[in-house]
Number of protein chains: 2
Amino acid sequence: MGHSTLMLGLDAGGTSTRAVLMTSQGECVGYGVGGRGNPIATGPDLAAQGVLDAVALALAPSSRALADVSVITAAMAGQKAAEGEGAWLGDRLAAEGFAGRLTFESDLLATYFSGSVEPFGYAIVAGTGACAVRVSGGRIAGTADGLGWLLGDRGSGFWIGRRVARAVVRDLDDAGPATTLTGAVLEHLDIVEDATRREGRSRTLENLVGALYGARPIELAALAPLAFAADDQVAESILRRAGEHLADSFAAVLSGPGPLVVGGSVLFRPSAVRNAFMQRLGDAAAGLELLPVVDGAVGAGVLALRAGGARPSSEMHIRLRESLSHFR
Amino acid sequence: MGHSTLMLGLDAGGTSTRAVLMTSQGECVGYGVGGRGNPIATGPDLAAQGVLDAVALALAPSSRALADVSVITAAMAGQKAAEGEGAWLGDRLAAEGFAGRLTFESDLLATYFSGSVEPFGYAIVAGTGACAVRVSGGRIAGTADGLGWLLGDRGSGFWIGRRVARAVVRDLDDAGPATTLTGAVLEHLDIVEDATRREGRSRTLENLVGALYGARPIELAALAPLAFAADDQVAESILRRAGEHLADSFAAVLSGPGPLVVGGSVLFRPSAVRNAFMQRLGDAAAGLELLPVVDGAVGAGVLALRAGGARPSSEMHIRLRESLSHFR
């Protein structure tokens, strides 16, 4: 292929960044992972460094340089804010020799295109947060939830984790049903049971409440896996409710048949969440094809190819996925 | 009364501190208000200053000094932690001439004794947070909820404010019923409506979500008054649910007849909260006497008198309340 022009997709997240280097035919020729790449969450300097580290690793196998790249597309949350102010990244890339075009896209769209190249379809991302989108004409045309941990994200990992924490404090406060989640959460947080009571309340409960408020609220999401691991009615009821919330968000953007790409861990595997999700959808779930994806790397690549003027076909999508799989 | 020994009650809160100076007979001879007095929320230096400012104002009318005070009782949230580590206040008071005894008590107990001197009874505090306690033998014998904004405080001002915010974002997201709360919240936050849509979502919603996440979570409590002011089904349903939660917390500590002292603004006045609270209690509400109190100042005085060895009678309680009322 010689020194033809290259394209680069960036899936820049709050914890890590993935860079996918491709030929204009969608053949992956390099892949790299760097640190946090979202300037809103991380600050511009650290985020730019996370991106550049991933880019350097992606360039290494082919011994190509940023000067050979004609298009870079960065998919990230809150790209609306970043779009107008892309200098935090553009200036750094230019300093490294990049002379092409830099575009920004939604991380949700990258998730979608990781699973499908159909111009019409849906994505649900249910990880720490939860959001459903309708894609039409290759753009996001409708959004449901994704309103963050304090106001929404119903059915997300945070939502489940907070429900787990509340079920456990209610159990310890004799205000709710007994649940095996209590032992699991105490063990997870290294809290030793202490039945000594003070003002009608156990030390165990006081210590648990202290530990939970000692961490950032969002860290409650770390309790979600305990619900999936439990064999317990309280846990199952939390998971079922999560699945119903995700179904309601999906139903809010549903408008005709299309593939459903699923990102994030909550809806990824068969579980009470998935069962309740399908049941709640009822007839709307008939023929629904769930396409789980691990991240937005492939989709960021698709978005870069599109930014470069291509209309990626199913064949190109398969080529990209398969060639990328050799690098990770 | 000459230079007989004096007693001082402190109602030390997260936003202000009240000091009540009394004779050993419960006659208030001075009252002062200072800044934040809780070391956990404010840090020890600022908290000590808030207390000392209140104390100085309380001493001024009688021209007495801290050396004339034999007992100081500080009522505050989280007094368990402060008790073992009272030096942050004790050292500062000693430096100002105090040579008596300093004790710490629960702010919930001060609320209770602001409304009653009965050794057995109940208190519900529903302000920013929400908690119910049973008092027995003059001590807190049972506690329900009070688990903080992230894990509990059901029916509190924060709980109501968060429900208001969620109802409004769901209205703007076309995911919930229309409500007049939407206009009220947007006006409260100075957000101008902008129906421009992006990715199926209005700018109004984006701006609202940005504003709500730009503040500390607890500040959602400031939206609670909008629910009380609204004439709206969504608002009423939030308030009714809050009243039911408060009733459930009360029911969890209920164990025989006794006065119910009510602190905080949520349950203070007749409202949908109060109606739902009484309805939910059903027969248990028969003969229930609600005693609203504005703060814990009187009760902190009662606790100081008790710490000095007195067993405050109803007469002493009335004397304290009436003599204090001349100072504020």
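Chain identifiers are assigned alphabetically (A, B, ...) following the order of the sequence lines, protein sequences preceding nucleic acid strands; residue numbering begins at 1 within each chain. Owing to the predicted nature of the structure, the values given are computational and were not obtained by experimental measurement.
Listed options B:Val169, B:Val209, B:Asp173, B:Leu147 were ranked by heavy-atom pairs under 4.5 angstrom with chain A; first place goes to B:Leu147. Contact tally against chain B (heavy-atom pairs below 4.5 Å) for A:Pro217, A:Ser249, A:Ala252: the top residue is A:Pro217. Ranking B:Arg134, B:Arg166, B:Arg139 against chain A, the residue ahead of the rest is B:Arg166, based on heavy-atom pairs under 4.5 Å. Counting heavy-atom pairs closer than 4.5 Å to chain B, the top residue among A:Leu205, A:Val133, A:Asp145 is A:Asp145.
Contacts between B:Ala141 and chain A at a heavy-atom distance below 4.5 Å involve the backbone alone (N, CA, C, O). In this structure, no portion of B:Leu108 lies under 4.5 Å from any heavy atom of chain A. At a 4.5 Å heavy-atom cutoff, B:Asp248 makes no contact with chain A through either its backbone or its side chain.
Side-chain contact between B:Arg154 and A:Arg170 is present, with at least one heavy-atom pair separated by less than 4.5 Å.
Note that the CD1 atom of B:Ile140 and the CZ atom of A:Arg201 stand 10.0 Å from one another [nearest 0.5 Å]. Interatomic distance, CZ of B:Arg216 versus CG of A:Leu150, reported as 12.5 Å (0.5 Å rounding). Put simply, CG on A:Leu208 and CG on B:Leu151 are 7.5 Å apart, with the number rounded to the nearest 0.5 Å.
The number of heavy atoms from other shown groups lying within 6.0 Å of CZ (B:Arg163) is above 12. Within a 6.0 Å sphere centred on CD of B:Glu187, other residues, nucleotides and ligands contribute 12 heavy atoms or fewer.
The minimum heavy-atom distance linking B:Tyr213 with A:Trp149 is given by the pair OH-N, 3.1 Å.
A side-chain donor-acceptor contact under 3.5 Å links A:Thr143 to the backbone of B:Glu199.
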